[in-house]
There are 2 protein chains.
Amino acid sequence: MDAKGKFGQYVAGKGLRHTVQREQIVDIFLATEKHLTIQELYDLVRKKYKSIGYATVSRAVKLMTESGICRRVDFGDGSQRFEHKFGHEHHDHLICVRCGKFVEIYSKRLEKLQEQLVTKHGYVQLYHKMDIFGLCPKCSKKVRGR
Amino acid sequence: MDAKGKFGQYVAGKGLRHTVQREQIVDIFLATEKHLTIQELYDLVRKKYKSIGYATVSRAVKLMTESGICRRVDFGDGSQRFEHKFGHEHHDHLICVRCGKFVEIYSKRLEKLQEQLVTKHGYVQLYHKMDIFGLCPKCSKKVRGR
DNA sequence: TATACTATTGATAATGAATATCAATACCAA
DNA sequence: TTGGTATTGATATTCATTATCAATAGTATA
Ligand SMILES: [Mn+2]
Ligand SMILES: [Mn+2]
Ligand SMILES: [Zn+2]
Ligand SMILES: [Zn+2]
């Protein structure tokens, strides 16, 4: 099943309704491979569907998150962002502080080390987030002058 | 030089003034080994010094952060927290989602792997943050029933 | 010491994102 | 149909953070 199907299943399973607004919001979200704030998603949605309210977008994002097709990411810039979760394996982020360009990173070795650290302290890991901030190739060239 | 000295040096270097309020706030902050929100620090400060304003605490935290004796941490709970930086090597966090108990973790091997990942993508690392959320020994026992 | 200048303070206002409220409307099952 | 509930969009509220501002305190200079 695809992301949309998973969302539909979740909504139905909760006894909620399948509405055009939700469908439109989910479509726009799934068509955008970015880390969006609610405001940004709202703006995108409004480009196509003029009458949808901000609150409806906000509520749809909440539902998408609960359904597992959406994940909240927090880069510490003061607003929460959301990205696709379904079909995207767990990953962490490498973000350019200058232009915002990011790479989704993953290392099995690194994940294993994390798990070992957790175990060493007697904890049980539920989830983690790792964000690395730096300069992308282009920006590091510019900053260093050439 | 200690943390307080570093703060004083930074303040002086910027042509700013050494005030009693700043001294009081810095003292309280340095005496508390926690990850504090501004509100929490404000409450602590007010216990001893009744007349200090919230804005003054907020501004002092900003100064402490700039001076390098304080670091902002963000656990995604909606408000920013601050911890000692001076004399605390770089570390990441392992946090219990149930009771909030945390451990400051560090692994040279893990840091090296992070650096390798960054280099592989042509980025230059400036800083990173890694927060692992889970259950502490006590809480994992409780949750599993024994 | 008097004076002018600037930094600082504390109260309060403004901001901005997230969330709650609410009346109107849409949907569903009987 | 009809009654009950979910949903919507507009708006209000909340909450943390940041900005504003008049009053005050500190500093340098004469
Ligand atoms: Mn991502
Ligand atoms: Mn810490
Ligand atoms: Zn860049
Ligand atoms: Zn715990």
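Sequence lines set the chain letters: A, B, ... in the order given, protein chains first and strands last, and positions in each chain run from 1. Atom set for the values below is all heavy atoms of this structure, side chains included, hydrogens, waters and symmetry mates excluded.
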*Asks:* State which residue, out of His88(B), His91(B), Arg72(B), fulfils the side-chain hydrogen bond (donor to acceptor under 3.5 Å, both in side chains) condition with Glu83(B).
*Replies:* His91(B)
*Asks:* How many whole angstroms separate atom CZ of Arg72(B) from atom P of dT18(D)?
*Replies:* 8 Å
*Asks:* Does Thr37(B) put a side-chain nitrogen or oxygen below 4.0 Å from OP1 or OP2 of dA16(D)?
*Replies:* no
*Asks:* Of the candidate nucleotides dG9(D), dA18(C), dA16(D), which contains the atom at the shortest distance from the side chain of Ser79(B)?
*Replies:* dA16(D)
*Asks:* To the nearest Å, give me how far apart CD1 (Ile25(A)) and C1' (dT8(D)) are.
*Replies:* 10 Å
*Asks:* Nearest-Å distance, CG (Leu41(A)) to P (dA18(C))?
*Replies:* 12 Å
*Asks:* Remember a base hit wins even if backbone is also touched, and classify Gln80(A) as base, sugar-phosphate or nothing at under 4.0 Å, heavy atoms.
*Replies:* sugar-phosphate
*Asks:* With sugar-phosphate meaning primed atoms plus P, OP1 and OP2, does Ser51(B) contact a base, only sugar-phosphate, or nothing at under 4.0 Å between heavy atoms?
*Replies:* sugar-phosphate
*Asks:* Choose from dG9(D), dT7(D), dA16(D) the nucleotide whose nearest atom is closest to any side-chain atom of Arg59(A).
*Replies:* dG9(D)
*Asks:* Whole Å only: how far is the CG atom of Leu16(B) from the C1' atom of dT27(D)?
*Replies:* 13 Å
*Asks:* Say you draw a straight line from CG of Leu110(A) to CG of Leu110(B); how long is it, rounded to the nearest 0.5 Å?
*Replies:* 4.5 Å
*Asks:* Give the intermediate values and the outcome of salt bridge (Lys or Arg N to Asp or Glu O under 4.0 Å) for residues Asp27(A) and Lys4(A).
*Replies:* CA-CA 8 Å; Asp27(A) 282 346; Lys4(A) 215 170 161 182; 2.8 Å; yes
*Asks:* How many Å lie between OH on Tyr49(B) and P on dT9(C), as a whole number?
*Replies:* 14 Å
*Asks:* Which residue, Tyr54(B) or Arg22(B), contacts DNA chain C at a nucleotide closer to its 5' end, judged by nearest heavy atom?
*Replies:* Arg22(B)
*Asks:* When the distance from CD of Glu23(B) to P of dT9(C) is rounded to whole Å, what number comes out?
*Replies:* 12 Å
*Asks:* Which comes earlier along DNA chain D counting from the 5' end, the contact point of Gln39(B) or that of Ala55(A), where each point is its nearest nucleotide?
*Replies:* Ala55(A)
*Asks:* In whole angstrom, what separates Ile38(A)'s CD1 from dG16(C)'s P?
*Replies:* 17 Å
*Asks:* Less than 6.0 angstrom separating the ring centers of Phe75(A) and His35(A), yes or no?
*Replies:* yes
*Asks:* Can you figure out which of dT17(D), dC28(C), dG10(C) approaches the side chain of Arg17(A) most closely?
*Replies:* dC28(C)
*Asks:* Rounded to the Å, how far apart are Leu36(B) CG and dA16(D) P?
*Replies:* 15 Å
*Asks:* Side chain of Gln21(A) only, heavy atoms from C-beta on: which candidate in dT8(D), dA18(C), dT17(D) is closest?
*Replies:* dT8(D)
*Asks:* Any side-chain N or O of Thr19(B) under 4.0 Å from OP1/OP2 of dT8(C)?
*Replies:* no
*Asks:* Could you give me the CA-CA distance, side-chain angles and deciding distance for Tyr106(A) and Glu89(A), then say whether side-chain hydrogen bond (donor to acceptor under 3.5 Å, both in side chains) is met?
*Replies:* CA-CA 9 Å; Tyr106(A) 180 79; Glu89(A) 301 306 315; over 6 Å; no
